[in-house]
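Each chain gets a letter, A, B and so on, in the order the sequences are listed, and its residues count up from 1. These numbers come from a predicted model, not from an experiment.
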Amino acid sequence: GEADGQKIALVGKSAGNAFFEIAAASFKETVEAEGGEVEVVYPEAATADAQIKVLDNLISQDFDAICISANDVNALQAKLEEAMDEGIKVSSFDSAPNADSRQVFVNQAGTVAVGQALLDAVLDIAGGEGQWAILSATSQAANQNAWIDAMKTIMESDEKYSKLDLVEVAYGDDEPQKSTDQTTALLEKYPDLKVICAPTTVGIAAAAKYLQDEKSTCKLTGLGLPSEMVEYTGADDEHSCPYFYLWDMQGLGKLSAYATISLVKGDITGALDETFTAGDLGEYTITEADDGGTEIVLGQPLEFNSDNIEEMAKLY
Amino acid sequence: MAGKSGRSINNVPENPVKHMIFSWEGIMVLLFVLVNIFCAWFSEFYNLKSVLRQMPVYLAEIFLMLPMAYILVLGEIDISVGSIVCLSATISCLVSNTGLPFILVILISLLVGTACGAVNGFILTRFQELPPMIVTLATQIIFRGIAEIVLGEGGSVSLTNSDGFKAIGGKVGRVPYILFLVLILAVVAALILGKSTFGRRVYAIGTNRLTAYYSGIHVQKIRMLIYTLMGTFCGLCALFMVSSSYGANTTTGNGFEMDAIAMAVFGGISSTGGKGNLAGGIISAFIIVCLRVGLGQQNLHPQVILLILGLLLICAVALPNVVGEIKKALKVKKNA
Amino acid sequence: MKQKSTLKKITGSREFLLAVILILLFAIVTAISPSFLKPKSLMDMLKNNAVTMVMALGMLCVMLVGGIDISIMSTLALSGMSIGMLLKYGHITSTILAFVIALAIGLACGFLVGLVISRASVPPIIATMGFMYVFRALGYLVSNNGEWAGAAALGSFKNFATSSVLGINAVVWVIILCYVVFFFFMKWTRTGRKIYAVGSNPSAAEVSGINVKNIKLMVYMIMGVLAGLGGALQVSVYASAMPDMQQGGEMDVIAACVIGGVSMSGGRGTVLGALLGSLILATIAKALPLVGIGALWQNTIKGVLILVVVMVNVILQRIADRNALKGREM
Amino acid sequence: MSEYVLELKGITKIFPGVKALNNVQFQLKPGEVHALMGENGAGKSTFIKVITGVHKAEEGEMFLNGQKVDFKGPKDAQAAGIAAVYQHPTSYPHLTVAENIFMGHEIIVHKMIQWKKMNEEANKLLGQLNADFDATAEMGTLSVAQQQMVEIAKALSTNAKIVILDEPTAALTKRESEELYRIVDHLREEGVSIIFISHRFEDMYRLASRVTVFRDSQYIGTYNVDEITNADLIKAMVGREIKDLFPKPEVQLGEEMLRVEGLSRVGYFKNVSFDVHAGEIIGLTGLVGAGRTEVVESICGITTPDEGKVYLEGQEIHIKQPSDAMKKGIILLPEDRQKEGLIMSWGLGRNVTLSTISQYAKKGFNNEPKERELAKQLLEEVDTKAVDIFQPASSLSGGNQQKVVVAKALSQEMKVVIMDEPTKGVDVGAKAEIYAIMGDLAKKGYAIVLISSEMPEILGMSDRIVVMCNGRKTGELNKDEATQERILELAMEKGQTSKEAGRS
Ligand SMILES: Nc1ncnc2c1ncn2[C@@H]1O[C@H](COP(=O)(O)OP(=O)(O)OP(=O)(O)O)[C@@H](O)[C@H]1O
Ligand SMILES: Nc1ncnc2c1ncn2[C@@H]1O[C@H](COP(=O)(O)OP(=O)(O)OP(=O)(O)O)[C@@H](O)[C@H]1O
Ligand SMILES: [Mg+2]
Ligand SMILES: [Mg+2]
């Protein structure tokens with residue numbers, strides 16, 4: 001296949017993340033189908049320090065490429081540059097290290113596109129006006145912060161969102177307990193709250209459970225895993241989440257795999273406007289990313305609602 | 001001069017060489033060799049070059065193990081060290097970004113660490129009733145919390161000018177500077193703990209604090225000093241952490257306290273106070289570093305690595321105890 | 001005369017001082033956010049802190065014998081993840097069975113920990129640090145390297161946390177039950193008192209014929225069982241099982257006990273203290289987002305509050321001791 | 001029925017490195033009080049622990065009422081009706097007195113502990129002992145002597161047929177000892193057999209009908225108390241003759257060394273003043289809990305007094321912590337040698353040099369050869385029974401541990417030596433040696449404060465006697481005006497005596 005003889009390392013943010021597992025599995029499958037070899041490596045903890053140790057380790061072995069989902073934007077620069085100096089190709093997906101420390105980034109969905117989709121969902125669920133709040137992961141989570149910023153910018157730029165009132169951005173640290181505490185606090189502080197938007201998998205599940213158990217009139221949307229959300233998804237009063245979004249995780253794994261393979265083969269170098277074929281996903285073009293580097297955008301976020309949730313939950 | 005009843009008391013120590021070979025440190029040296037043979041056997045990439053390459057990040061944690069050993073010998077514990085590293089790293093990055101001379105950046109990093117350590121020491125000596133674990137747990141949350149506040153949203157800072165940090169992360173040939181520094185400090189720390197009057201007093205406090213106090217030892221002064229120094233070493237560790245990531249974030253130094261404690265404990269420095277010595281701690285630290293590098297090169301799941309380390313830790317402490325029991329039983333039999 | 005002395009005894013006790021601190025906390029939070037004191041809000045607080053509250057009882061026993069257990073949240077993850085996976089793949093469906101399995105796994109973990117500590121005399125913090133890694137790793141293995149068991153996979157099991165009896169949530173009942181049982185166990189049974197005896201003076205306990213090793217083994221088994229229960233509660237309350245759940249949560253449990261006046265060197269501590277300690281922590285956790293403190297500041301303030309609570313407690317205790325001395329006639 | 005309730009034959013007990021008991025024997029007749037005596041480290045306590053099953057003997061057999069028994073642990077002994085009060089208090093400091101008394105045999109109904117009943121029973125027992133504290137008090141807040149009383153109450157509570165008391169009077173003063181004698185008499189009348197260990201001859205003469213002597217882990221003999229002379233008994237115990245037990249030298253008093261004026265500490269003692277001159281030995285005595293220990297601890301900076309002044313050689317001094325006191329030449333031998341005096345797991349040598357290591361250190365590093373030499377010298381000077389200076393302090397018998405504490409104090413320059421119960425639990429031979437050391441020190445011109453609860457010691461060694469009662473100084477007696485009666489009178493002055501009367 002395309003990837004004959006290639007040895008690729010896939011570095012996750014931390015072990016035990018169901019969300020990442022799906023992409024990793026599809027990445028591995030794709031590369032192996034093309035005749036390559038993949039080591040999925042996790043750091044001990046979801047920190048940049050731990051990823052540095054992993055990278056150190058990988059550089060000592062003769063990998064052709066490293067594809068990483070970074071725990072910190074800047075902290076890995078020194079190591080990733082070292083890797084590139086040693087001739088190892090560096091791609092990234094899901095969460096990008098800065099522009100200098102990667103050759104290409106596979107973005108699950110454009111930041112603005114995600115922000116737009118989430119904000120429209122909030123507008124729709126709130127019925128055009130009213131209070132809403134965001135329940136994010138940690139205050140330092142780069143992806144979440146980018147989406148939240150995107151939502152805020154869009155909200156200011158368009159008149160149709162003017163009746164929406166973002167009362168608070170709360171952080172549940174991706175822990176069920178803390179997310180629940182934050183959700184209850186939001187409801188107690190803002191009795192008229194109409195919508196909570198939780199752009200993080202743990203947060204959305206915890207909030208969905210709480211709102212549903214309480215039969216709250218406050219509804220929920222955000223980004224989540226279908227398999228975690230089946231019970232809570234539905235347009236009626238019984239369910240707390242009318243619909244939510246996520247991207248095609250398998251697609252993300254697959255696209256990242258093809259991008260990395262192409263990088264190793266030299267079909268692409270990560271420069272702007274290069275194109276490559278990602279198997280049955282079709283042709284992709286490298287575009288400019290917000291941080292000044294380049295990226296490949298997978299596509300639009302997928303909407304999950306009562307119609308497709310059962311089906312999708314089987315996939316991820 | 002013998003006593004009135006003519007009894008004479010022997011004061012000739014047993015042969016130190018023989019003592020050393022059968023001691024825990026002797027076993028540790030053997031283990032170190034075994035671990036290296038084992039790693040080289042299983043990994044084609046495990047060699048001096050790769051170990052030296054990968055070492056610096058781990059070495060920074062050995063800085064923490066040294067004062068932690070003192071604290072453990074005192075019979076206490078400090079779980080705030082990871083957070084102090086985080087705060088020092090954060091501040092030193094921010095200061096460095098203002099364009100201050102690098103020597104000042106170093107000083108400030110050490111100073112921030114020292115100040116945090118002093119806060120721990122101050123609370124612990126003023127409120128002696130409080131167990132160190134709970135105080136340092138609270139300060140652990142506070143110090144990292146302050147770093148979070150300083151870093152603001154985004155939670156990370158990167159160096160705009162990394163020259164200074166690049167310099168301290170440099171190498172002589174293949175050997176990183178940090179290795180020299182670690183070894184020098186380790187030898188100094190081990191000598192002070194093992195051979196100086198200060199060290200003897202630390203052991204005294206850790207074994208029986210009341211007797212130490214009655215014997216005129218400045219128990220609180222010594223505790224204060226050690227906790228403060230722990231902070232200083234955190235500042236040092238922070239500098240080298242920054243030199244490997246050219247920045248700092250809210251997770252910098254996460255879990256370092258456990259790593260430092262594990263290294264010391266594996267080396268025979270018991271957390272119950274008054275036991276073990278730094279020679280063991282240092283060898284064990286290098287064993288753990290080699291093992292981690294070696295196991296890491298197998299690309300094992302991190303949890304499996306932790307599982308192996310966890311089991312090793314338990315066995316390392318359990319084994320001598322079990323052997324000791326057996327030895328004791330044998331000795332009684334021999335006398336009978 | 002007699003009444004006066006009992007009154008004095010109550011006001012002089014640690015628990016009384018803690019209760020005062022708790023009431024003070026309640027008053028402040030309610031003043032800022034009146035909704036805090038609503039019964040429903042308080043129930044929510046209990047339910048959301050059930051895991052810590054229940055496990056504080058086990059930690060109480062462990063700390064009473066002078067030990068500590070930092071492996072508990074790994075045990076929790078292992079037992080919770082195990083039943084999560086069993087339910088997900090349909091091996092079991094019964095809620096009771098799930099609870100029994102979780103408790104059994106917890107017991108087995110506790111047994112292992114206790115064995116190493118009591119028989120091989122490994123210092124508790126080291127042994128449990130080792131097992132913290134080991135059990136957590138096993139939890140990951142059970143989860144097939146990081147699968148989650150979500151709400152849909154848990155079937156009727158998750159309904160346990162939403163069902164209520166006599167208008168009180170089942171999880172809250174579990175808390176009440178545990179506390180009542182332990183209150184009696186620790187105060188009124190011989191075994192309970194043996195725990196105190198061993199913690200107070202192990203060599204004396206040995207001489208008076210108490211099997212110190214077995215008592216130590218037992219407390220870690222109790223802790224294990226409660227960690228198993230914690231696992232089941234965690235999975236039920238949040239309707240999801242993840243291998244990394246409650247990582248670092250052991251410190252909250254330890255903090256709850258220490259705040260509650262449980263001595264880390266053994267011998268001193270009561271069930272009431274553990275209750276008050278965990279309630280104080282629960283209140284802090286619930287109140288921080290409620291009183292409108294910026295997200296960035298919440299951790300720092302939590303740390304400061306813990307520090308202040310333990311320091312105030314020490315200061316009050318000192319004042320009480322000094323007053324008692326002043327009252328002594330000479 | 002056999003002649004003996006308890007008989008042991010050929011008992012040998014070995015600890016790693018020491019043969020603590022070597023083929024010893026013992027017989028206890030029904031209803032007798034049998035004293036067990038011998039030097040420190042003779043193996044008495046070990047022997048007791050073998051009887052109660054705490055230690056397992058390597059060889060030998062034991063018969064209870066003629067039946068061979070083999071106790072697996074203390075529980076078995078308890079069940080067989082043997083109760084013991086061990087030498088070192090085996091109490092639970094965090095639990096109440098009642099619980100301490102009833103630990104292991106709580107009053108249980110329906111598997112529930114009956115607290116009320118237990119407290120009542122405990123108070124009854126304490127009443128018998130004339131104790132001045134309540135059963136609900138926390139054990140840790142009691143003084144050593146009060147704890148000892150609880151231990152005795154504990155032994156009484158099991159209704160044992162054989163009661164063993166290992167140095168029960170070591171921490172007691174005359175008054176409490178009398179109380180204890182009364183209890184022992186009472187027990188004997190009820191047919192209980194008692195084994196009694198003590199280093200005080202008055203105890204033995206007052207109570208025992210027979211005495212067994214151990215020396216150097218060996219059985220020496222059993223004698224009828226009224227058939228053996230004091231001198232013979234001492235010879236049997238120490239293997240040599242002791243001519244003068246209280247070798248108090250006549251010393252010309254020198255300058256005033258230490259003067260305390262109006263020292264007070266809230267809740268502990270109030271307005272205590274006294275002075276000591278060079279070459280003088282001041283006896284500080286009183287009943288248990290009189291606050292003697294607290295006074296000297298305040299002088300030495302262990303605790304801070306609230307009021308009062310301390311003068312050394314006429315200069316007012318301010319001592320904030322023990323090291324200040326040592327620097328100025330005031331040394332305290334603490335009361336509790338295991339908790340305050342020694343590091344039990346350390347070798348003897350290191351213990352001896354602990355407070356003075358820095359004096360011979362080179363540039364902050366230890367000078368170990370010199371330390372070892374000094375330790376050997378000092379330990380031999382006080383005649384410690386030990387093999388080498390590396391053996392842990394915990395492996396010594398109580399009396400020898402005390403000698404190590406004395407050796408430790410001797411390691412430094414001093415002007416004033418304060419000894420808090422220096423001969424607690426020390427055998428006659430060693431006592432004589434400690435007294436001799438005290439005499440030597442006085443001769444060298446040191447000022448000495450001796451706290452003791454033992455009347456003969458106070459009377460025999462002091463130049464002047466300061467008596468305290470309930471936190472206050474109640475009197476000062478010169479050597480020639482001091483008598484047992486005078487001291488006791490002062491020690492139980494006014495309030496104390498009327499309180500006693502009110503209670504009984
Ligand atoms: N647990 C132990 N381990 C080792 N040696 C011990 C132990 N207990 C006692 N010994 C040794 O056994 C010997 C007898 O000690 P024991 O305590 O029985 O003496 P004793 O007659 O009670 O003395 P004292 O009058 O000072 O109390 C001593 O040499 C002591 O050092
Ligand atoms: N830890 C403590 N807590 C409360 N009170 C105490 C404590 N220690 C001692 N006391 C009290 O202080 C008073 C004096 O102490 P102490 O018993 O040490 O005096 P003492 O005259 O030296 O008696 P002795 O040395 O014979 O035991 C007593 O009333 C005692 O009960
Ligand atoms: Mg004895
Ligand atoms: Mg005293």
Rounded distance [0.5 Å steps], [atom1] in [X] versus [atom2] in [Y]:
X        : Y        : atom1 : atom2 : value
C:Trp148 : A:Leu225 : CH2   : CG    : 5.5 Å
A:Glu175 : C:Met245 : CD    : CE    : 13.0 Å
A:Asp181 : C:Ile284 : CG    : CD1   : 12.0 Å
A:Ser14  : C:Gln247 : OG    : CD    : 8.5 Å
A:Glu231 : C:Ser240 : CD    : OG    : 12.0 Å

_Check: C:Asn49/A:Gln177 side-chain N/O donor and acceptor closer than 3.5 Å_ =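 The criterion, which ignores hydrogens and geometry beyond distance, is satisfied for A:Gln177 and C:Asn49.
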*C:Asp44 and A:Tyr210: side-chain donor and acceptor closer than 3.5 Å?*
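Yes.
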With a 4.5 angstrom heavy-atom cut-off, is it the side chain or the backbone of [X] that approaches chain A, or both, or neither?
X        : answer
C:Thr52  : side chain
C:Ala153 : neither
C:Ser33  : neither
C:Asn299 : side chain
C:Val291 : neither
C:Leu290 : both

Between [X] and chain C, with a heavy-atom cut-off of 4.5 Å, which part of the residue counts as in contact: side chain, backbone, both or neither?
X        : result
A:Tyr232 : side chain
A:Ser227 : backbone
A:Thr233 : neither
A:Leu187 : neither

*Which members of residues 235-243 of chain A, sorted by number, sit under 4.5 angstrom from chain C on a heavy-atom basis?*
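Within residues 235-243 of chain A, no residue comes under 4.5 Å from chain C.
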*Take atom CD of A:Glu310 as the centre, draw a 6.0 Å sphere, and report whether it contains more than 12 heavy atoms from other residues, nucleotides or ligands.*
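Not more than 12 within 6.0 Å, no.
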*May I ask you to check whether over 12 heavy atoms, not counting those of A:Gln250, lie within 6.0 Å of atom CD?*
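Result for CD/A:Gln250: enclosed.
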Measure across [X] and [Y] and return the closest heavy-atom pair with its distance rounded to 0.1 Å.
X        : Y        : value
A:Ala15  : C:Tyr140 : O-OH, 3.3 Å
C:Pro289 : A:Lys189 : O-NZ, 2.6 Å
C:Lys158 : A:Lys209 : O-NZ, 4.2 Å

*Do C:Lys47 and A:Asp213 pass the side chain to side chain contact (heavy atoms under 4.5 Å, CB included) test, and can you show the C-alpha distance, the side-chain angles, and the key distance before you say yes or no?*
CA-CA 12 Å; C:Lys47 188 176 156 187; A:Asp213 288 350; 4.2 Å; yes
*Pick from C:Met242, C:Lys286, C:Gln298, C:Lys38: which one has the most heavy-atom pairs with chain A under 4.5 Å?*
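If we count pairs closer than 4.5 Å to chain A, C:Lys286 comes out on top.
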*C:Lys40/A:Glu188 ion pair, N-O < 4.0 Å*: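 Between A:Glu188 and C:Lys40 there is no salt bridge, as every charged N stays at least 4.0 Å from the carboxylate O atoms.
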